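For this chain, numbers begin at 1 and follow the sequence in order. Here the structure is a predicted model, which is why all the values come from computation and not from measurement.
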Amino acid sequence: MTMKHIKTLIACGAIAAASALSVPKAGACTRVIYQGADSIFVIGRSLDWKTPIPTNLYVYPAGITKVSSDAPGAISWTSKYGAVYAVGYDGGITEGMNEKGLVINGLFCKGTVYNNPDTEGRPPMSLAVFIAWLLDLNETTDEVVEVLKKHDFSIGGATFDGGTVSTLHWGITDASGKSAIVEFDNGNIRIYDPGDIRAMTNDPQWPDMKAILAYWEKIGGSHMLPGTVSSPDRCVRANFFSHHVEAVADPSLAVSITRSILFNSCVPYTYLIQGEPNVSSTQWRSYADLKNRRYYFDIVTNMGYYYIDLTKCDLRKGASVMKLDTSKETMLAGEANNALKKSAPFTPLF
């Protein structure tokens, strides 16, 4: 790691990509899968932190060559698919959806340990572009899983505060609704099929969270659900409601239903618990309509929420990178493709 790594941080769960955080101050996120009728799937996620996280939207066409790191031995690839990315601090990708309807979201998970002695010497992969690498080259969840099973890379992010690294786990869902959860456990990749579980949050890691969800499933939920803003409680509520709402075929209504489920598992804006590492207030939410390739963005302090329609974007090789600067576009509602402006690619904070 070089000194410039100390300046950068690709955050997660609570902060998808940030530059001045430490594990004791980490935040929270919620991810929920809504399954509608007529092959409708909507992925909702919240990003929580105690201060606003500058996050801009970038639309990248196919055919762009990228690198995984500025360190020796980095991986190089040329994108097969165009995608929309949510980029924190204009330096690291929090989440995104590609033109095939594959979506990947990164959430905080304090139990994450990326590397061990066996991973030393493998090609470096920065958290700043990890999601891009997967979205650029894969169409389905199964394809991503096969890539990750090889584990022919050494993942890491910018360090700070004496070596703290942003700790993440990821939810992956494709247009068919097939999902996977990816965690790093003492340097080993663990890939889980969540089955019909439709939510994830932060800690504990997935095997323990699954046990908590199973406990609450036996209790039910019609008369009692856990109500705090803790990670397990948020996960239980999101999973319960995602199974007990109407499955609709109207894509706009499907997004609205997903939005209402996610609201129930968010943390009210400006709400904080001193000394609690997994709780921060929700800063923004996103909703990815995998069938119709629409990526919605919902900043809690804005008047409305809006979406990028990938089917109307020029994603051909040679097309321009486009950017929606969320700090300048605070009054948008509905389709926001016209707010995209030609842009240089963002500069990854390796």
Side-chain angles (χ1 to χ4, degrees), residues 11-18 21 25-35 42-55 57 86 88 94-95 103 105-110 168-171 173 181 197-204 209 212-213 216 221 224-245 253-274 276-289 295-307 326 330 332-333:
C12 52
I15 60 173
L21 310 176
K25 298 180 181 179
C29 279
T30 302
R31 183 183 196 263
V32 62
I33 301 170
Y34 170 79
Q35 182 174 347
V42 179
I43 310 302
R45 79 80 57 86
S46 66
L47 182 142
D48 305 349
W49 186 239
K50 62 183 180 179
T51 56
I53 304 298
T55 303
L57 306 184
T94 303
E95 64 176 30
V103 64
N105 313 87
L107 283 71
F108 171 75
C109 182
K110 67 181 180 182
L168 311 177
H169 60 174
W170 292 266
T173 306
I181 292 172
I197 296 175
R198 300 181 186 176
M200 65 181 289
T201 51
N202 312 110
D203 300 290
M209 183 67 85
I212 293 170
L213 291 168
W216 278 100
M224 182 176 67
L225 283 171
T228 77
V229 295
S230 72
S231 174
D233 284 10
R234 287 183 287 108
C235 195
V236 168
R237 291 200 302 277
N239 185 59
F240 174 80
F241 285 115
S242 68
H243 283 89
H244 291 84
V245 291
L253 181 57
V255 171
S256 296
I257 293 171
T258 308
R259 192 172 184 236
S260 68
I261 295 170
L262 195 58
F263 273 28
N264 194 265
S265 294
C266 286
V267 182
Y269 193 59
T270 73
Y271 178 77
L272 296 172
I273 298 178
Q274 295 298 323
E276 172 53 57
N278 288 321
V279 177
S280 292
S281 59
T282 297
Q283 301 295 324
W284 55 257
R285 292 171 282 258
S286 68
Y287 315 97
D289 176 350
Y295 178 81
Y296 293 75
F297 206 63
D298 183 7
I299 298 175
V300 298
T301 53
N302 283 4
M303 294 294 289
Y305 70 114
Y306 47 85
Y307 65 88
T326 62
T330 59
L332 292 174

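For the atom pair CD1 of Ile261 and OG1 of Thr30, the computed distance is 12.0 Å after rounding to the nearest 0.5 Å. With values rounded to the nearest 0.5 angstrom, Ser281 atom OG is found 11.0 Å from Tyr271 atom OH. One distance of note links CZ of Arg237 with OG1 of Thr228; it measures 6.5 Å at 0.5 Å rounding. We find the OH-CD distance between Tyr269 and Gln283 to be 5.0 Å, quoted to the nearest 0.5 Å. How far CG of Asn239 is from CD1 of Ile33: 9.5 Å, rounded to the nearest 0.5 Å.
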Which is it for Met224 and Trp216 under the side-chain contact (heavy atoms from CB on, under 4.5 Å) test, yes or no, and what are the steps along the way? CA-CA 9 Å; Met224 182 176 67; Trp216 278 100; 4.0 Å; yes
Using side-chain contact (heavy atoms from CB on, under 4.5 Å), reason through Leu225 and Phe241 one step at a time and then give a plain yes or no. CA-CA 10 Å; Leu225 283 171; Phe241 285 115; 3.7 Å; yes
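Between Asp289 and Tyr287 there is no side-chain heavy-atom pair separated by less than 4.5 Å. For the pair Phe240/Asn264, no side-chain contact is recorded, criterion being any heavy-atom separation below 4.5 Å from C-beta on. Proximity of Leu213 to Val236: side-chain heavy atoms (C-beta onward) are separated by under 4.5 Å at one or more points. Using a 4.5 Å cut-off on side-chain heavy atoms (C-beta onward), Ser242 and Tyr34 make no contact. With a 4.5 Å cut-off on side-chain heavy atoms, Arg285 and Phe297 do not count as touching. Taking the side chain as every heavy atom from C-beta outward, Met200 and Met209 never approach each other to under 4.5 Å.
Across all their heavy atoms, Ala238 and Val32 have their closest contact at O-CG2, 3.9 Å. In terms of heavy-atom proximity, Val42 sits nearest to Ala254 at CG2-CB, 4.0 Å.
Each of Ile181, Asn202, Asp203 was evaluated against Leu107; a single residue qualifies, Asn202, per the side-chain contact (heavy atoms from CB on, under 4.5 Å) test. A side-chain contact (heavy atoms from CB on, under 4.5 Å) with Ile212 is found for one member of Pro204, Cys235, Pro226 and no other, namely Pro204.
When atom types are taken as modelled, the side chain of Arg31 and the backbone of Gly106 share no donor-acceptor pair closer than 3.5 angstrom. Judged by distance alone, the side chain of Thr326 and the main-chain N or O of Thr55 form a donor-acceptor pair under 3.5 Å.
Considering only residues two or more places apart in sequence or on other chains, Thr330 meets the side chain to side chain contact (heavy atoms under 4.5 Å, CB included) condition with Asn302. By the side chain to side chain contact (heavy atoms under 4.5 Å, CB included) test, Met303 is found to be paired with Met331, residues two or more places apart in sequence or in another chain being considered. Applying the ring pair (Phe, Tyr, Trp, His ring centres under 6.0 Å) rule to Tyr307 yields the partners Tyr296; only residues at least two apart in sequence or on another chain are considered. Residues satisfying the ring pair (Phe, Tyr, Trp, His ring centres under 6.0 Å) test with Tyr295, not counting sequence neighbours, are none. Residues satisfying the side-chain hydrogen bond (donor to acceptor under 3.5 Å, both in side chains) test with Thr282, not counting sequence neighbours, are Asp48.
Applying the salt bridge (Lys or Arg N to Asp or Glu O under 4.0 Å) rule to pairs touching residues 259-268 yields Arg259-Asp298, sequence neighbours excluded.
No side-chain N or O of Arg234 forms a donor-acceptor pair with one of Thr201 less than 3.5 Å apart.
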